[in-house]
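Working notes, beginning with the structure itself.
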Amino acid sequence: MTQASSVDPAEVERFSRIAAEWWDPNGRFAPLHRFNPVRLAFIRDQALHRFGRDPAARRPFTGLRLLDIGCGGGLLAEPMTRLGFAVVAVDASERNIGTASAHAAEQGLAIDYRASTAEDLLAAGEPGFDVILNMEVIEHVADPGEYLRSCARLLKPGGLMIVATLNRTLKAFALAKLGAEYVLRWLPAGTHHWSKFLKPEEIRGFLEGEPVTVEGPFGVVFDPLSGRWKQSLDADVNYMMTVLRDAPKQLPPPRPKRARRSKPKA
């Protein structure tokens, strides 16, 4: 039986209709291609720090398991695989999974793609992940709180989840909604609903009571002079947060019992 899901069918259909365009850097997903370098750099830096890996290594994350939730066409799953992660990538759209699987096969990359959801993975008893990527997905689901908690519960103790989304501010409405969709035409009209943008404190609130530590927000802004995205202290529009699952506390070793001295015989 399929687990109750936070998936929004209208959102799934919207992205399914343009699934074939994921890997066209000049197509409808061009903004995501331009956004990808700053996301990849943040993910890599956070994972290197969290797991103490060698930044000079070609595949520094060998031996670690990563979940890319809402993976789309695989724009993050493929570079994560090249960095050494064993990647499971899921999306609610079977068309997206088909596009992603075909492209990975062309590149000779072994990625475990599945048409599934976080809730279904959790219900099926999926083994935990060292890293979970939750990038620009939560603003498209029907129940963001339940969705985020399901994702957090898929983390191994000591694991890292990175959440990227849009802030529900007037500035974000002007730039990410009106500007990006209707003025600059970076995104198809209707890609986002401003009412579904989330404030950082809401992300924290969704995870209250879970055994996690939430850090951030870490802002991301577009630099019109260079034409590139960069990390920033400004989190009014785009931002990322990290969710660290608490490792079980190590109990101190039991103190050795002192040998009882025998009383001398009279």
Side-chain angles (χ1 to χ4, degrees), residues 22-23 32-91 96-97 100-101 103-114 116-118 121-122 124-138 148 150-165 207 210-218 220 229-231 239-248 250:
W22 275 104
W23 287 95
L32 205 52
H33 283 267
R34 291 194 292 268
F35 196 43
N36 228 22
V38 71
R39 298 196 301 173
L40 292 171
F42 184 83
I43 294 165
R44 184 177 183 273
D45 289 347
Q46 289 291 325
L48 286 171
H49 174 72
R50 180 65 174 170
F51 299 103
R53 296 302 177 99
D54 180 5
R58 189 173 66 88
R59 294 169 59 85
F61 304 118
T62 297
L64 297 179
R65 197 162 182 256
L66 179 144
L67 172 64
D68 183 7
I69 190 83
C71 64
L75 299 187
L76 288 173
E78 290 198 7
M80 291 298 107
T81 301
R82 291 189 173 96
L83 286 172
F85 284 110
V87 175
V88 176
V90 305
D91 198 284
N96 284 346
I97 291 298
S101 298
H103 193 272
E106 292 172 0
Q107 303 298 310
L109 296 173
I111 299 174
D112 183 358
Y113 279 114
R114 308 180 197 176
S116 188
T117 66
L121 291 180
L122 191 62
E126 181 74 24
F129 295 91
D130 300 286
V131 176
I132 296 178
L133 302 184
N134 200 327
M135 313 298 281
E136 292 82 37
V137 176
I138 193 170
L148 194 60
S150 293
C151 292
R153 291 166 188 170
L154 286 165
L155 278 173
K156 288 181 180 179
L160 164 71
M161 176 165 66
I162 298 175
V163 181
T165 190
L207 294 171
E210 295 290 319
V212 298
T213 301
V214 183
E215 297 179 352
F218 306 95
V220 181
W229 291 87
K230 63 181 182 180
Q231 292 184 47
Y239 69 93
M240 294 182 276
M241 300 186 79
T242 60
V243 179
L244 309 173
R245 189 165 188 86
D246 300 340
Q250 297 291 327

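Values below: every heavy atom of this structure, side chains too, minus hydrogens, waters and symmetry copies. Everything quoted here is computed from the prediction, not taken from an experiment.
By the 4.5 Å heavy-atom criterion applied to side chains, L64 and R53 are counted as neighbours. For the pair Q107/R82, a side-chain contact is recorded, criterion being any heavy-atom separation below 4.5 Å from C-beta on. Within the 4.5 Å cutoff, side-chain heavy atoms of L133 are placed close to those of M80. Using a 4.5 Å heavy-atom cutoff, the side chains of L75 and F35 are not in contact. Looking only at side-chain heavy atoms (C-beta outward), M161 and L154 stay at 4.5 Å or farther from each other. When side chains are defined from C-beta on, E126 does not count as touching L67, because their heavy atoms never get closer than 4.5 Å. Here the side chains of V243 and N134 are not in contact, with every heavy-atom distance at 4.5 Å or above. By the 4.5 Å heavy-atom criterion applied to side chains, V90 and C71 are not counted as neighbours.
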_Pair L40, L76 - check side chain to side chain contact (heavy atoms under 4.5 Å, CB included), show working._
CA-CA 7 Å; L40 292 171; L76 288 173; 3.5 Å; yes
| query | Given D45 and H49, is the side chain to side chain contact (heavy atoms under 4.5 Å, CB included) satisfied, shown in steps? | reply | CA-CA 6 Å; D45 289 347; H49 174 72; over 6 Å; no
*Between I111 and H103, does a side chain to side chain contact (heavy atoms under 4.5 Å, CB included) hold up when you go through it step by step?*
CA-CA 10 Å; I111 299 174; H103 193 272; over 6 Å; no
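With rounding to the nearest 0.5 angstrom, the NZ atom of K156 is 11.0 Å from the CD1 atom of I132. Note: I43 CD1 to L66 CG = 8.0 Å, rounded to the nearest 0.5 Å. Interatomic distance, E136 CD to T165 OG1, rounded to the nearest 0.5 Å: 7.5 Å. Atom CG in D68 sits 11.0 Å away from atom CD in E78 (nearest 0.5 Å). To the nearest 0.5 angstrom, F218 atom CZ is 8.5 Å from Q231 atom CD. For the atom pair CG of D246 and OG1 of T213, the computed distance is 4.0 Å after rounding to the nearest 0.5 Å.
Looking at residues two or more places apart in sequence or on another chain, you find a ring-ring contact (aromatic ring centres under 6.0 Å, His included) between F61 and F85. Under the rule for a side-chain contact (heavy atoms from CB on, under 4.5 Å), P37 has no partner lying at least two apart in sequence or in another chain. Not counting sequence neighbours, Y239 has no partner by the ring-ring contact (aromatic ring centres under 6.0 Å, His included) test.
When every heavy atom of A89 is checked against every heavy atom of I97, the shortest pair comes out as O-CD1, 4.0 Å. Residues G74 and P79 approach most closely at O-CD, 4.3 Å, considering heavy atoms. Minimum interatomic distance between D130 and L155 (heavy atoms only, all atoms of both residues): O-CD2, 4.1 Å. Residue A104 comes nearest to Y113 through the heavy atom pair CB-CE1, 3.9 Å, listed as atom of the first residue, atom of the second, then distance. Nearest approach of D112 to R114, heavy atoms of both residues: OD2-NH2, 2.8 Å. For the residue pair A110 and T81, the shortest heavy atom distance occurs at O-CG2, 4.0 Å.
Of the possible donor and acceptor atoms, none in the side chain of R245 sits under 3.5 Å from a partner among the backbone N and O of E210. No donor-acceptor pair closer than 3.5 Å links the side chain of R50 to the backbone N or O of V131. In this structure, W23 contributes its side chain and G73 its backbone to a donor-acceptor pair below 3.5 Å.
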